[in-house]
2 protein chains.
Amino acid sequence: MYPESPAARGEAAAVPLRRRGEALESAIFEATLHQLTTVGYARLTMEGVAACAQTGKAALYRRWPSKEALVMDALRACLPPARTAPDTGSLRGDLIELVTRMRTAMFSETGAAVRAIMNELDHQRAHAFLEIVVARVVEPTTRLIAEVLARGELRGEVRPESVTPLVTDVVPALMIYRIKMGCGVLGQPDAEAIVDEVLLPIVQLP
Amino acid sequence: MYPESPAARGEAAAVPLRRRGEALESAIFEATLHQLTTVGYARLTMEGVAACAQTGKAALYRRWPSKEALVMDALRACLPPARTAPDTGSLRGDLIELVTRMRTAMFSETGAAVRAIMNELDHQRAHAFLEIVVARVVEPTTRLIAEVLARGELRGEVRPESVTPLVTDVVPALMIYRIKMGCGVLGQPDAEAIVDEVLLPIVQLP
DNA sequence: TCCGTAATGAACGGTTGTGTTCATAATTTT
DNA sequence: AAAATTATGAACACAACCGTTCATTACGGA
């Protein structure tokens with residue numbers, strides 16, 4: 001059915017026909033993120049997730065009482081842990097490394113699912129996700145940017161009063177906007193352009 | 001029913017009980033924008049728009065074959081015409097006036113509906129709206145910003161190589177992001193902060 | 001091997017929404 | 001005034017989905 005048959009894999013050991021426990025939950029979480037990305041939270045259905053995970057609705061309802069609970073657990077399980085700020089020796093180097101990482105994260109499957117959720121935060125039905133998005137995505141991002149800028153300040157490269165909440169929002173905002181406007185991967189500015197055209201002019205000492 | 005009765009308005013002239021033609025279409029467009037804002041495009045239904053406009057589905061289907069066609073016509077009808085760039089005599093003044101206007105537009109009913117559509121451009125079902133959003137919202141905005149910056153350049157206030165497509169995207173991107181993150185009206189940066197903290201440092205000559 | 005547990009696929013009653021049709025009534029045009 | 005047009009509200013068959021239940025089967029552990 002879903003795992004390959006023993007014959008197909010050429011293995012002597014018996015391979016289970018059914019997933020159970022954590023293996024099934026992983027598949028369900030993966031299907032959940034995929035559905036978030038393709039149809040959004042508004043149109044995500046338990047039936048759709050079950051079909052995508054190649055299981056039955058009953059297996060979902062045994063674990064989660066609602067679509068919201070399922071999506072919340074899927075996000076919790078798949079969001080990456082906090083990262084440390086890069087330290088390349090120069091402000092520009094740090095910023096380019098950081099923006100490159102942000103870019104990679106945004107184009108990952110988890111990143112795409114998070115963007116889908118963020119698109120719906122304006123609506124009542126997705127409001128419950130604001131907290132997790134802020135705590136696990138927005139604030140860690142802001143913190144990393146602020147950390148890099150603080151180190152740059154110690155090196156005498158950053159204008160102290162330039163680091164405001166507005167400024168630390170600029171890069172994620174810009175990247176999300178460009179993705180949304182349909183620029184695609186090829187149309188995305190590279191990390192160097194973002195740093196050199198936007199961020200450095202704002203923060204660096206003349 | 002929906003228009004007030006003659007007695008309620010104290011008028012001698014007979015007031016129609018039913019809206020027809022353009023009056024009905026205006027009501028339907030208004031209901032459409034309202035539904036976009038409250039439930040989003042994904043969950044907008046013909047039935048919901050009809051109920052909100054206090055009319056019947058048949059009146060909608062007589063005019064529009066689908067939800068997409070209705071929403072497209074509603075946007076076309078309600079998007080404001082192009083504006084001219086402000087000219088206050090200084091770069092900073094122009095930018096503040098422009099950002100103030102953008103802010104007003106974003107918090108208008110039409111603006112909220114456009115933001116709702118923009119949130120869904122990542123998804124296949126709303127992809128048809130990319131063109132109108134770019135042509136009637138994004139490009140006019142970008143053009144105004146570029147115009148103000150060009151005038152600033154003539155005045156010797158703007159660093160010529162600073163005006164890039166990335167830079168002209170910064171302000172709308174930032175405003176949309178802040179709204180989405182639930183800052184609400186009170187948490188929005190005022191136009192002066194956006195101009196002084198973000199845009200001017202990028203573009204102005206030292 | 002046996003037993004308890006969990007997965008599977010199907011079915012169910014109920015709700016919501018689609019696109020259509022229709023009888024009636026309101027309104028405009030002739 | 002009569003005819004034509006359009007709005008209104010209701011109803012319809014169908015599809016999709018919800019949340020639940022169930023019989024059967026697979027699987028892990030004792």
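Below, read A as the first sequence line, B as the second, and so on, with proteins coming before strands; counting in each chain starts at 1.
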Report the C-alpha separation of B/T45 and B/K67 in whole Å, then their side-chain angles, then the decisive distance to 0.1 Å, and conclude whether the side chain to side chain contact (heavy atoms under 4.5 Å, CB included) test is met.
CA-CA 7 Å; B/T45 62; B/K67 149 176 157 176; over 6 Å; no

Side chain of B/R18: nearest nucleotide among D/dC17, C/dT8, C/dA25?
C/dA25

From CG of A/L60 across to P of D/dG19 the rounded distance in Å is 11 Å

Lys/Arg-Asp/Glu bridge criterion (N-O < 4.0 Å) met for B/D190, B/R103
no

Starting the side chain at C-beta, find the nucleotide from C/dT8, D/dT8, C/dT18 nearest to B/A58.
D/dT8

What nucleotide among D/dA7, D/dC17, C/dT18 has an atom nearest to a side-chain atom of B/Y61?
C/dT18

Rounded to whole Å, how long is the line connecting atom CH2 of A/W64 with atom C1' of D/dG19?
16 Å

Choosing from C/dT18, D/dG19, D/dT8, which nucleotide comes nearest the side chain of B/K57?
C/dT18

Between P on C/dA6 and CD on A/E22, what's the gap in Å once rounded to a whole number?
14 Å

Whole angstrom is fine here: how far is it from CG in A/L17 over to P in C/dT8?
10 Å

Please check if the side chain of B/T142 supplies one atom and the backbone of B/T168 the other of a donor-acceptor pair under 3.5 Å.
no

What is the distance, rounded to the nearest whole Å, between atom CD of A/E68 and atom P of D/dC18?
15 Å

Given DNA chain C, 5'-ward residue of the pair B/R20 and A/R63, judged by closest heavy atom:
A/R63

Contact class for B/G48 (heavy atom, under 4.0 Å): base, sugar-phosphate, or nothing?
nothing

For the pair made of CD in B/E47 and P in D/dC12, what is the distance, rounded to whole Å?
15 Å

What's the closest nucleotide to the side chain of A/T55 if the choices are C/dA26, C/dT8, D/dT20?
C/dT8

Check the distance between C/dT5's C1' and A/R62's CZ and give it to me in whole angstrom.
8 Å

Look at the side chain of A/M46 and decide which nucleotide, out of D/dC27, D/dT6, D/dC18, has an atom nearest to it.
D/dC18

Less than 4.0 Å between a side-chain N and a carboxylate O, is that true for B/E97 and B/R101?
yes

B/P16 side chain, from C-beta outward: closest of C/dT27, D/dT8, C/dA7:
C/dT27

Expressed as a whole number of angstroms, how long is the span from B/Q35:CD to C/dT16:P?
15 Å

Is there a salt bridge (charged side-chain N to carboxylate O under 4.0 Å, His left out) between A/R92 and A/D196 once you walk through the steps?
CA-CA 8 Å; A/R92 184 170 180 271; A/D196 293 336; 2.8 Å; yes

